[in-house]
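Note on naming: letters A, B, ... go to the chains in the order of the sequence lines (proteins, then strands), and numbering restarts at 1 for each one.
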Amino acid sequence: MHPWNSTVGSASLKLMLKLLARLFQRRILIEDSMKSKVASLLTVLMALPPPDPQFVLRGTSAPVHTLHFSCGGPEPDIPLLFSGSENGFIHVWNLKTHRVDTALDGHGRKSVYCVETMGGKDRLLSQGRDQRICLWDLAEGRTSVTDSVFTEHMGFCRCSLLKVAQGRWLMAMAARSLEEVQILELPSKTSVCTLKPEVGAKLGMPMCLKLWQLSCGSQPVLLAGYEDGSVVLWNVSMGKALSQLSCHQEPVMSLDFDSEKAKGISGSSEKVLSIWCLNEQQNLQVYKTHELVNAGISDITIRPDKKILATAGWDHRIRIFSWKKLKPLAVLDYHTATVHCVSFSDHSSPWDRLLAAGSKDQRISVWSIYAQT
Amino acid sequence: MAVFDTPQAAFGALRPVCVQLTRAQTVENVRQLQAHLAGVSGAALQELQEYVLFPLRFALRVPGPKQERLVQSLVQCISSVLAATCVKKQELLQELFSELCTCLAPPPSSVKAAPLSEELKLAVIQALHTLMHSAYGDVILSLYRPSSLPLLGFAVSLLLTLAEQEKAKQIKISALECLQVLVLQCDCQEHRQLDEDEEQQCGDLFASFLPGISITLSRVIAGDIKQGHKPTVSAIRLFYLIVGLVMADKQLARIPKSKEKLPVEHSRISELMIHRGSDWTKSTAEKLSLLLHKVVESSSVHPHWKVRLELVELVHHLLRNCSQSLVDSFSHLLKAVVGLVNDENSEVQSRCNKVLQGIAEQRIVAQNRALADVLSENLHSLATALPRLMNSQDDMGKVSTLSLLLGYLKLLGPKINIVLNSVSHLQRLSKALVQVLELDVTDVKIVEARRSEPPGPLQQGVQKGRCQKKYFRFFTEEKVFQLLQQVCRVLGYYGNLYLLVDHFMGLYSESGLYRKQAAMILNELVMGAAGVGVDFLQEREVPLNVDDLKGSITSILDEYMDQANWYLVTSVDTEESSPEQSEQHLGLAVRAGGASSSILLQSSEPPVTTRTMNSNIWQICIQLEGVGCFAAVLGKEFRLLLLSALYPVLEKAGDRTLLISETALGTLADICEACGYDSVQCLINENSDYLVNSISLNLRQLAYQPRASQVLDTMLRNSDASLLPLIEDVIQDVLSALDQSYNSQASTFLRVLHSVMTALVQWFGMPSAEEHQQRHSDKGQSRARSQGQHKVTMTSQEVEQFFLDYVSQKRIAEGDLPDLEEEEADEIPLAKPEPSSDTEGEAPMPSHAQLARDVMERCIHLLSDGSLRVRLKVLDVLELCVTMLHPHGNHLLPMAHRVWPALVTRLISDDPLAVLRAFKVLCTLAQTCGDFLRQRFSKDVLSKLTSSLLSQAPASARAGPVYSHTLAFKLQLALLQGLGSLCERLDMGESDLNKVADACLIYLSAKQPVKLQEAAQRLCQVDQSLFEKLSVLAPVLL
């Protein structure tokens, strides 16, 4: 018998919380009889005031624009967090020591606003305001740019990456001419197609992109948010717009899409979050909208397990919602300036998972919010 | 005397004597024979052995009573023959043996006859002894056939009777030695080694005597101490030899199931023979166990060390040979040997250790489950009795009890886990340890001892962290504590760390009563697990897994540094804390997680006794020591844990309770050493990012976490300017938090701001201030600044310099340029700094200056705070801000403008203390904004100050010596000292100077206190020099 079991009945709340963590750590299965206790514990937890960040990463010395975790590796691998900041550096944070392992300088001191890993943590893609997308080789301590794509795009639209096969990626990025989106295949850099809206559509510049496919091998599809507040669904292989939905009055700042539920969410500079769904006829429909207290959303991310989502607000706050009903769960208040980006970690064990937010106040706050869901 | 080498010659010499003896058996004749024997060589005598022995034996066999002296001399003579020869015939051996035995036996006829003389007995015993040694090769074995069992038994019983009942020590010893030879366990090396079968046979044979021998011997051993140690030692040796032989595991294993059938003619003998089957073994072992218990009890406390040494040997021998058959006795035996580890005699000690080592090395315990059970049973009963024993025994008794406990644990070695896996064992053991380790928390001094203020720099504390001396309730002896430490470490070394840590963590959180002890034990367990300072007998089987250790340490650290366990009430200090202290604690308690923090809630209830606080202090210290231990154990690996551990430790380093801060400093030193940092400063510097993280998170709840400011303070004092980019945002956080709560938390925040500004001034203030001064002096202004009075004497040179400069400038203006090139070379470096100072306003301010400005802004609001203490603090901070903004006039002036009204109020109508500080700020301000202040100063303040000086003068003139300690005096002094340089710096007009001079003149009076006079004198000098300057310059300028 585990020595702790006997104490569970009478243990006070805090002891039980500790116990829970221990049980999780030791991979001890929680019996059915205990499940109700666990559930009641969790409700108590949710009633507590929102917590402080688990830790805060300092030292980028510039506003942080993008974050990307790489924690999925097996045990000896150190969990990493990549951050791109306004001074053109990509910092590689070691999440064990909470310190910068390396600082990558490849965008001529121009703001980096998108960082993605390609496969493992050794290959990195970064996009900067110098109108370049760089591919990095970070294996064995190297820090070299292996390849780069010149986008000629002047906006802030982040590119979107989709793995289509082993070693093959599709990348959607805003192209040179104002309204176009270009799809490239990586690493060959061959252009797959260019998505041009119909003449006279007046969508404006693309603001955010999300490339996805229903299942591996099926048709890749692109969701793009435009300057005029509309979201357009593109069939990539046919190069044709499937559906268009105008969700916002203002430019779409960020969107994310859950392909399982065929539901997506977008935010703009307004006070509204818009949730839309994709029906069987491949038509986008407004599902519902959610009113916010303060205007301005700079980033939206649905957690990989599709249970909750996080928004980065211009009001300096991070908000957590349940994805199913969009019930507000928590407001994480730490930053003192606009939050630019939010990102969930890809730890293999759920209780290690983290949320990170980068802000204009040059700090990256890292939160452990697993217990809140 | 001639030596007869050949048998013939010897025969010739011996024959007459032998014949003579055969004819007449007298003592005289025997003596003659013996005398002749001496002249015969061994080889020759061997030939004539039987011939010579014949008359002697004949004489013994003669029926009828004999003279004792004759028998004695006969036996001695036989003995001397046997000593020189060896017996080669079985018959001869048996006959001689029985004849000699008969001599010892009391004559059957005369029951009441006088007992045999002691000399005779001794002679016979020695003869037997010699006989046994002279038996040649296998011949001796003929004695050990079943058929000779009666004879042997006779001899054994005779000898035993002698050993037990004789008074003479010599006889006892000889009898015992003889017995030893008889059971073929002689100490001398001459004997042939028996092979297994022969041994087995002897074993069977001796089994018959075992009851008799063992009972008698145990009586001898437990007998009167007056018999001396030698018989006891021999008896013990014989005891273990015979038991070891009969009960040997090796032999018993080979015993067939059923008894061997002997030939018919031996049927009576076969009844005597014993079959060492399992039943017999069991019952014998039971009986032996009783005897052994008796033996151990009497001899382990025997005053003579050789007896105790022999006891150790006994345990050793039996454990080696009979670990299975006698398993039940081992609880006594092991207890004895483990207890003797701390014997006063070093020889016994070392032998004990060696034996234990041997036991451990041969894995006797590890391979023998039954033995392990015995040990764990012993352990259990000892653990049960431990608290009682600790309560009742004296220190020596405690030492022996604990060394017994330690010995058991060491012996169990890797088998400890058997014990630990049993819930009741573990609970007994842990409860016992926890009870024994109870601290004495009645000492009031611990609570009273405060750290002296202000705290010195951390480097002073960098000495290896020693454990604080603890005071226990149940013992005072240091040795006892060391033993307990060893007990815990051995547990940690062999035991399952997860299990132990879990268990003791359970105790830790179970009750406040156990918490300190459990923490102490946990610390030692970890040390033990890492193998630090463990004194063990055998290596553990599984090497340490560093990840496991790290996991355990992490969870212990989490528990230690949990709010409810780390932030305890250690003082009822009202000086340091704001009135809301108790409220804060309640708030903290609520934050710490609702219902569970009942302990904390209790502790913050109004009557916090000294006892509780003392206990809390100790708990924190023990936990701090634990952190030090963990660092030492993990070495550089601990660096990863610094993330969570460094901040709390630093926090405690700033604690006001002396004991805590000292311990924390020790811990810091330990961490430095373990993680490879050169100094505490280095540690703080390199981990400032971790600290900043914790500080910033804690500052968010500054109301509940007043200590965050202490850590920030410590960190600032121990770091350098490189820290600034890291803490910048933290300070901004503080400022914005302050904006939220001006009323309630101002004093807490101000402390933070004060330390921040102090650090900034230290890092950035000095060089730029000098630079600034430089620039000003270039412009020809007075160099005399704060050191005004020293520079007064320089005034004439200064004026001269000024004049020379003036002349040269004038010449240049007139177009007379003497050395153009030289001039240019001079001018270039001069010109360079100019643009930079001109563009200062437009260039972005360095961040430290920005911070200073932000802080200053808050100060403006707080200057009129209701509480005097806050106002004083604000004035201090304000002064630092002004110093900081010195080089940035463009920013300082607008701020100064905004500060001015509030500052004036402080100068004019406030508590004297505030006036004093405000005046200091004014002086600092005057260093930079001369022109800016001139008008305002003369308009708003000067008249007020001078009038206060004037009005106070009569009072001070009348006052006695105590006056110099009053506030009014200090204010006067400060004004008199400060006004001069202030006027100088502000370049005041004549009318203002007159006012100052008027005020100062009164103080030149001899009635005024001396210090005031001196200050006034200096002030006058300054004034005078100003006047002089004016008067000197006036004509030149004109």
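Heavy atoms closer than 4.5 Å to chain A are found nowhere in Val423(B), neither backbone nor side chain. Within the 4.5 angstrom heavy-atom criterion, no atom of Asn421(B) approaches chain A. Heavy-atom distances place the side chain of Thr336(A), and not its backbone, under 4.5 Å from chain B.
Counting heavy atoms from C-beta on, the side chains of Leu643(B) and Arg99(A) never come closer than 4.5 Å.
The backbone N or O of Val56(A) sits less than 3.5 Å from a side-chain atom of Asn693(B), completing a donor-acceptor pair. Remark: the backbone N or O of Thr97(A) is paired with a side-chain donor or acceptor of Tyr690(B) at under 3.5 angstrom.
Other residues, nucleotides and ligands place no more than 12 heavy atoms under 6.0 Å from the NZ atom of Lys110(A).
One distance of note links CG of Leu697(B) with CD of Gln54(A); it measures 10.0 Å at 0.5 Å rounding.
Under a 4.0 Å N-O distance rule, the pair Asp689(B)/Arg58(A) does not qualify as a salt bridge.
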Derivation and outcome, side chain to side chain contact (heavy atoms under 4.5 Å, CB included), residues Phe55(A) and Ser644(B): CA-CA 10 Å; Phe55(A) 52 88; Ser644(B) 53; over 6 Å; no
